[in-house]
Amino acid sequence: MFAVVRFPGSNDDRDMQFALRSALGAPCELVWHKQAELPPGTRAVLLPGGFSYGDYLRTGAMARFSPIMAAVRRFADAGGPVLGTCNGFQILCEAGLLPGALLRNTSLQYRCRWVHIRTESTDTPFTRTLRVGQALRIPISHGEGRYHADAETLARLKGNGQIVFRYSTPDGRLAEEANPNGSLAHIAGVCNEGRNVLGLMPHPERAAEALLGSTDGLPLLRGVLEALLPAS
């Protein structure tokens with residue numbers, strides 16, 4: 001079962017639930033942030049986008065103290081797959097489950113549009129069905145999506161293959177005009193050293209049906225679903 005955590009201010013929780021249930025037929029439960037434990041039988045945890053606690057103080061800074069986050073940490077430490085999208089990515093960084101931080105876009109403006117992200121690593125439960133270099137068309141919607149890390153952390157991310165997605169052109173080239181927020185090294189998504197925790201700014205749940213304009217978000221969700229299925 002997938003557990004989608006809801007914080008006050010989340011607004012993509014039901015979109016994520018719909019993508020999992022309707023597009024993939026996966027069992028999914030919404031989990032309120034004040035719960036101290038994840039539901040029994042949880043196999044994967046997703047932190048959706050939105051504006052947890054109104055983004056007061058700093059994006060994700062208050063949500064990291066929600067009771068459920070202790071359970072999410074235990075789940076991640078035990079090797080359970082955790083995906084944070086947009087605000088969920090910000091929360092994972094604030095909670096120390098992922099390295100780096102998300103800062104204001106260099107434009108100082110909110111950006112809501114379609115982008116392309118290039119797959120840099122397939123060695124995670126979420127990207128196992130993709131291929132390195134594959135470009136996905138997925139929308140963004142954020143004002144604080146500029147990934148930043150110090151030089152030592154960036155070198156470690158590169159050395160460990162923890163950079164999972166970069167903003168790119170449709171044909172997979174890295175270019176300044178394809179970087180919508182000024183992210184360091186065009187980074188759109190990173191994973192932890194254990195490779196079971198992934199954060200990315202784009203919204204795969206908003207690219208889960210052809211009617212929405214793209215189905216490129218489905219492989220990210222389908223990958224972890226297939227990874228959790230018993231071997232036939």
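Along the sequence shown, residues carry numbers from 1.
- Without hydrogens or angle criteria, Ser22 side chain to Ala19 main chain gives no donor-acceptor distance under 3.5 Å.
- Nearest heavy-atom pair, Asn192 versus Gln162, reported as atom, atom and distance to 0.1 Å: C-NE2, 3.3 Å.
- Among pairs with a residue in residues 69-82, those fulfilling side-chain hydrogen bond (donor to acceptor under 3.5 Å, both in side chains) read Glu37-Arg74, at least two apart in sequence or across chains.
- No side-chain heavy atom of His186 sits less than 4.5 Å from a side-chain heavy atom of Tyr147.
- For the pair Asp216 and Arg137, the salt-bridge criterion is not met [side-chain N within less than 4.0 Å of a carboxylate O].
- Using a 4.5 Å heavy-atom cutoff, the side chains of Leu200 and Leu220 are in contact.
- The hydrophobic clustering, which links ILVMFWY residues whose side-chain heavy atoms are closer than 4.5 Å, places Phe126 and Leu24 together.
- The backbone N or O of Gln134 lies less than 3.5 Å from a partner atom in the side chain of Thr119, making a donor-acceptor pair.
- When all heavy atoms are compared, the tightest approach of Ala188 to Pro202 is O-CD, 3.9 Å.
- The closest donor-acceptor contact from the side chain of Asp13 to the backbone of Arg6 lies at 3.5 Å or more, if one exists at all.
- Residues Met1 and Met16 do not share a hydrophobic cluster, clusters being chains of Ile/Leu/Val/Met/Phe/Trp/Tyr side chains in contact below 4.5 Å.
- In this structure the side chain of Leu20 never reaches within 4.5 angstrom of the side chain of Leu225, judged on heavy atoms.
- Aromatic ring centres of Tyr53 and His33: separated by under 6.0 Å.
- Taken to the nearest 0.5 Å, the CD1 atom of Ile138 stands 9.5 Å off from the CD atom of Glu205.
- Here the shortest heavy-atom pairing between Ala178 and Pro180 reads O-CD, 3.2 Å.
- When all heavy atoms of Leu102 and Gly145 are compared, the pair lying nearest together is CD1-O, 3.6 Å.
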For this session: Walk me through it: do Ser168 and Ile117 pass the test side chain to side chain contact (heavy atoms under 4.5 Å, CB included)?
Result: CA-CA 5 Å; Ser168 74; Ile117 55 174; 5.8 Å; no
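- When atom types are taken as modelled, the side chain of Asn181 and the backbone of Arg104 share no donor-acceptor pair closer than 3.5 angstrom.
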For this session: Might you work through the side chain to side chain contact (heavy atoms under 4.5 Å, CB included) test for Lys158 and Ile163, ending with a clear yes or no?
Result: CA-CA 6 Å; Lys158 290 180 177 178; Ile163 299 173; 3.7 Å; yes
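- Within the 3.5 Å criterion, the main-chain N or O of Gln109 finds a donor-acceptor partner in the side chain of Asn105.
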For this session: Could you give me the CA-CA distance, side-chain angles and deciding distance for Phe18 and Glu209, then say whether side chain to side chain contact (heavy atoms under 4.5 Å, CB included) is met?
Result: CA-CA 10 Å; Phe18 177 86; Glu209 284 189 309; 3.7 Å; yes
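- Rounded to the nearest 0.5 angstrom, Ser183 OG and Arg146 CZ are separated by 8.0 Å.
- Checked against Thr215 for a side-chain contact (heavy atoms from CB on, under 4.5 Å), the options Leu212, Leu211, Leu218 give a single hit: Leu218.
- Note on residues 107-121: pairs passing salt bridge (Lys or Arg N to Asp or Glu O under 4.0 Å), not counting sequence neighbours, are Arg118-Glu120, Glu120-Arg166.
- For the pair Tyr110 (side chain) and Ser141 (backbone), a donor-acceptor distance under 3.5 Å is present.
- Residues Pro39 and Val31 meet the side-chain proximity criterion, which asks for heavy atoms closer than 4.5 Å.
- Thr42 places no side-chain N or O within donor-acceptor distance of the main-chain N or O of Ala44, the cut-off being under 3.5 Å.
- Neither Phe165 nor Trp114 shares a network with the other; the hydrophobic side chains, linked directly or stepwise wherever heavy atoms of I, L, V, M, F, W or Y lie under 4.5 Å apart, form separate groups for each.
- To the nearest 0.5 Å, atoms CG (Leu38) and CD (Glu29) are separated by 10.0 Å.
- Asn160 places a side-chain heavy atom less than 4.5 Å from the side chain of Glu193.
- Gly223 and Thr129 get closest at one heavy-atom pair: CA-CG2, 4.0 Å.
- Considering all non-hydrogen atoms of both residues, Leu221 and Val224 come closest at O-CG1, 3.3 Å.
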What side-chain donor-acceptor pairs closer than 3.5 Å can you find for residues 78-97, not counting sequence neighbours?
{"unit_1": "Asn87", "atom_1": "OD1", "unit_2": "Ser52", "atom_2": "N", "d": "3.0"}
{"unit_1": "Asn87", "atom_1": "OD1", "unit_2": "Ser52", "atom_2": "OG", "d": "2.9"}
{"unit_1": "Asn87", "atom_1": "ND2", "unit_2": "Gln90", "atom_2": "OE1", "d": "2.8"}
{"unit_1": "Gln90", "atom_1": "NE2", "unit_2": "Glu144", "atom_2": "O", "d": "2.7"}
{"unit_1": "Glu94", "atom_1": "OE1", "unit_2": "Arg58", "atom_2": "NH2", "d": "3.0"}
{"unit_1": "Glu94", "atom_1": "OE2", "unit_2": "Arg58", "atom_2": "NE", "d": "2.7"}

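- Taking CD of Gln35 as the reference point, atom OG of Ser66 lies at 11.5 Å (rounded to 0.5 Å).
- Within the model, atoms CZ of Arg222 and CG of Leu130 stand 10.0 Å from one another, a figure rounded to the nearest 0.5 Å.
- A salt bridge links Arg206 to Asp12: at least one charged side-chain nitrogen sits closer than 4.0 Å to a carboxylate oxygen.
- With hydrogens and angles ignored, the 3.5 Å screen pairs a side-chain donor or acceptor of Asp150 with a backbone N or O of Glu152.
- Phe51 and Met201 sit in two unconnected hydrophobic clusters of ILVMFWY residues. Membership requires side-chain heavy atoms under 4.5 Å apart, directly or through other members.
- There is a path of hydrophobic side-chain contacts, each under 4.5 Å, that joins Leu30 to Met69.
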